[in-house]
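I have placed the structure first, in the form of structure tokens, so that the comments after it can refer back to it.
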Amino acid sequence: MSRVFLTTARFLRTQGARSAFLRALSSEAADTGSREHIDGLVKKDKVVVFMKGVPQQPMCGFSNAVVQILRMHGVDNYSSYNVLEDENLRQGIKDYSSWPTIPQVFLSGEFVGGCDILLQMHQNGDLVEELQKVGIRSALLDKQPDTDKDKQ
Amino acid sequence: MNVGVRQACRLVTAYRGNLLSLTARSARTMSTEEKQPGPVESTIREKLSQHFQPSHLDVINESYMHCVPPGSETHFKVVVVSDMFDNEAIIKRHRMVNGVLQEELEGPVHALSIMAKTPKQWEDSGGKVSKSPACRGGMGQ
């Protein structure tokens with residue numbers, strides 16, 4: 001679905017109709033920024049990430065860091081939403097969590113934080129625990145204990 | 001976005017090295033002494049100083065790491081060491097900092113990386129500040 005969207009977006013961009021397309025999109029998707037809509041999104045999956053770009057191609061260093069951290073823990077199967085594709089969602093998620101920046105990570109519907117917090121939780125071991133609470137076993141538990149010995 | 005710009009961003013990103021190194025390395029605070037701070041940087045410093053009475057405060061303009069014009073004040077990292085963070089969870093600490101800088105975040109500041117520690121934690125960490133991730137070119141949206 002998102003691939004079709006991207007292809008369409010690219011095609012329209014090359015046709016010089018990007019602004020018209022985005023205008024049409026924002027009027028159709030007017031409620032994607034609503035509290036109800038976002039509430040549904042964050043509760044849909046155990047791990048939900050709002051980011052710039054997609055996990056395969058993050059468009060921001062902070063979003064990329066979140067993706068890489070989750071990958072290190074073997075968390076690949078999560079829902080991600082690209083806020084660059086939807087201005088309503090971009091503002092809506094900031095209002096929803098009262099958090100001014102992207103990326104934003106949710107575990108079992110609960111806001112965990114952005115890049116700095118996830119990184120810190122990764123470094124101090126909290127992330128392994130938090131993942132466990134939502135029923136995900138971190139891949140780091142199965143690795144050699146010295147794999148990130150030089151993280152300091 | 002302009003493809004040329006994006007490619008240039010990529011080159012810069014590649015030059016700055018693998019992002020994963022951010023979890024493995026720490027960088028000493030970059031000195032901001034040699035450059036005159038911009039107005040946004042000064043405001044951030046002032047507000048954080050006033051509110052948190054920090055025993056240590058760094059306001060680092062990291063805009064140069066991103067694809068914005070030279071001299072921009074869009075991307076910042078702040079290091080705030082204050083007693084006010086005692087017994088507060090990390091998310092609460094970040095909310096406190098975000099709250100003080102709400103105006104800036106709604107205005108010129110596009111990205112804010114926060115390190116909020118108590119004096120004891122700062123001492124224990126040896127004053128290390130982790131490196132910010134490299135740009136991925138998504139600024140132009």
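The figures here come from the full heavy-atom set of this structure, side chains too, leaving out hydrogens, waters and symmetry mates. The sequence lines fix the lettering, A, B, ..., with proteins before strands; numbering per chain opens at 1.
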In terms of hydrophobic clusters joined by side-chain contacts under 4.5 Å, are [X] and [Y] together?
X      : Y      : result
A/F62  : A/L127 : no
A/F111 : A/L89  : yes
A/V128 : A/F106 : no
A/M72  : A/I136 : yes

TODO: Check B/L112, B/L101, B/L105, B/V109 against A/P100 for a side-chain contact (heavy atoms from CB on, under 4.5 Å) and give me the one that passes.
DONE: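 The passing option is B/L105.
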
Counting only heavy atoms from other residues, nucleotides and ligands, does the tally under 6.0 Å from [atom1] of [X] exceed 12?
X      : atom1 : value
B/N87  : CG    : no
A/N77  : CG    : no
B/Q121 : CD    : yes

Supply the atom-to-atom distance [X] [atom1] to [Y] [atom2], rounded to the nearest 0.5 angstrom.
X      : Y      : atom1 : atom2 : answer
A/K94  : B/E106 : NZ    : CD    : 9.5 Å
A/L119 : B/K131 : CG    : NZ    : 13.0 Å
A/C60  : B/H66  : SG    : NE2   : 7.5 Å
A/M121 : B/I91  : CE    : CD1   : 9.0 Å

[X] and [Y]: which non-hydrogen atoms are nearest, and at how many Å?
X      : Y      : answer
B/R136 : A/N64  : NH1-ND2, 3.3 Å
A/D116 : B/H94  : CB-CE1, 3.6 Å
A/G61  : B/P133 : O-CB, 3.4 Å

Task: B/R95 vs A/W99 side-chain heavy atoms within contact, under 4.5 Å - done: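 Heavy-atom side-chain distance check passes, below 4.5 Å.
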
Open item on the list: What part of A/S63 gets within 4.5 angstrom of chain B, counting heavy atoms only: side chain, backbone, both, or neither?
Closed with: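 Nothing of A/S63, per the 4.5 Å heavy-atom cut-off to chain B.
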
